[in-house]
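Worksheet: the structure to be examined is printed underneath.
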Amino acid sequence: TTTFLLKTSFKVGAEKMAAAIAESVDPRTSDKGAVETLKQLILDGVAAKGAATPGTTLQFDCSDEGVKVSVDGTEIGSAPGLCQAFSDVFLDKDGVSPAL
């Protein structure tokens with residue numbers, strides 16, 4: 001299992017947060033249904049608290065089964081089969097965090 005932990009430093013709306021992550025994963029996979037599932041999980045988790053406020057944590061646990069999403073330590077659910085695509089968002093040559 002590979003875990004990615006994102007901690008917000010400023011307020012971000014649930015839809016904007018979910019869309020930004022989904023848009024980064026989408027071109028890295030052909031499973032558009034799983035991308036929509038991931039987006040909905042993030043949206044549900046962040047919307048439950050209104051918005052991602054400073055200090056909100058989004059944890060993504062990647063395994064062979066998929067990507068498990070947790071917000072502030074509460075598990076929201078899993079998106080199947082996206083581990084490689086999600087990891088590539090941060091770790092491939094076009095990753096959003098080249099320093100990693």
Side-chain angles (χ1 to χ4, degrees):
T1 301
T2 302
T3 298
F4 295 90
L5 182 65
L6 305 178
K7 186 174 182 179
T8 58
S9 58
F10 54 88
K11 184 176 180 179
V12 180
E15 178 62 37
K16 188 171 187 173
M17 174 71 77
I21 293 172
E23 287 169 11
S24 295
V25 174
D26 186 63
R28 293 171 167 88
T29 183
S30 60
D31 190 344
K32 304 311 179 194
V35 174
E36 280 304 310
T37 298
L38 177 66
K39 182 178 178 180
Q40 191 62 52
L41 291 169
I42 297 165
L43 184 60
D44 291 348
V46 175
K49 57 181 286 158
T53 53
T56 298
T57 59
L58 289 91
Q59 181 171 320
F60 302 92
D61 296 310
C62 296
S63 67
D64 291 339
E65 290 79 39
V67 179
K68 181 172 68 175
V69 178
S70 300
V71 177
D72 287 339
T74 300
E75 184 177 332
I76 307 303
S78 295
L82 287 181
C83 183
Q84 188 62 56
F86 189 89
S87 296
D88 286 350
V89 169
F90 299 96
L91 302 175
D92 71 9
K93 66 180 181 57
D94 297 318
V96 297
S97 299
L100 295 176

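All values below come from the heavy atoms of this structure, side chains included, with hydrogens, waters and symmetry mates left out.
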* Is the backbone N or O of Gln84 less than 3.5 Å from a side-chain atom of Ser87, with the two atoms forming a donor-acceptor pair by type? -> no
* **Heavy-atom check, side chain of Leu6 versus side chain of Phe60, under 4.5 Å** => yes
* Side-chain heavy-atom pair Phe86, Thr29 within 4.5 angstrom cut-off -> no
* Asked: Judged by atom type as modelled, is there a donor-acceptor pair below 3.5 Å linking the side chain of Thr57 to the main-chain atoms of Lys7?
  -> no
* Answer whether the closest heavy-atom distance between the side chains of Asp72 and Thr56 falls below 4.5 Å. => yes
* To do: To the nearest 0.5 angstrom, please state how far the CZ atom of Phe4 sits from the CG atom of Asp61.
  => 10.0 Å
* Leu41 reachable from Leu5 in the ILVMFWY side-chain graph, under 4.5 Å edges -> no
* Within a radius of less than 6.0 Å around NZ of Lys49, do more than 12 heavy atoms belonging to other residues, nucleotides or ligands occur? -> yes
* Are the side chains of Thr1 and Lys68 in touch, meaning some heavy atoms are under 4.5 Å apart? -> no
* Please report the shortest heavy-atom distance between Cys83 and Cys62, naming the atom on each side. => SG-CB, 2.9 Å
* To do: Working to the nearest 0.5 Å, report the span between CD of Glu65 and CG of Leu82.
  => 13.0 Å
* Compare all side-chain heavy atoms of Lys39 with those of Ile21 and state whether any distance is below 4.5 angstrom. => no
* To do: Of all the heavy-atom pairs spanning Ala51 and Val12, show the shortest one and how long it is.
  => CB-O, 3.5 Å
* Asked: Are any non-hydrogen side-chain atoms of Val69 and Asp44 less than 4.5 angstrom apart?
  -> no
* Measuring from Leu43:CG to Leu38:CG, what's the distance to the nearest 0.5 Å? -> 11.0 Å
* Give the minimum heavy-atom separation between Gln59 and Thr3, together with the two atoms involved. => CG-CG2, 3.6 Å
* Asked: Nearest 0.5 Å, what's the CG-OG1 distance between Leu58 and Thr8?
  -> 7.0 Å
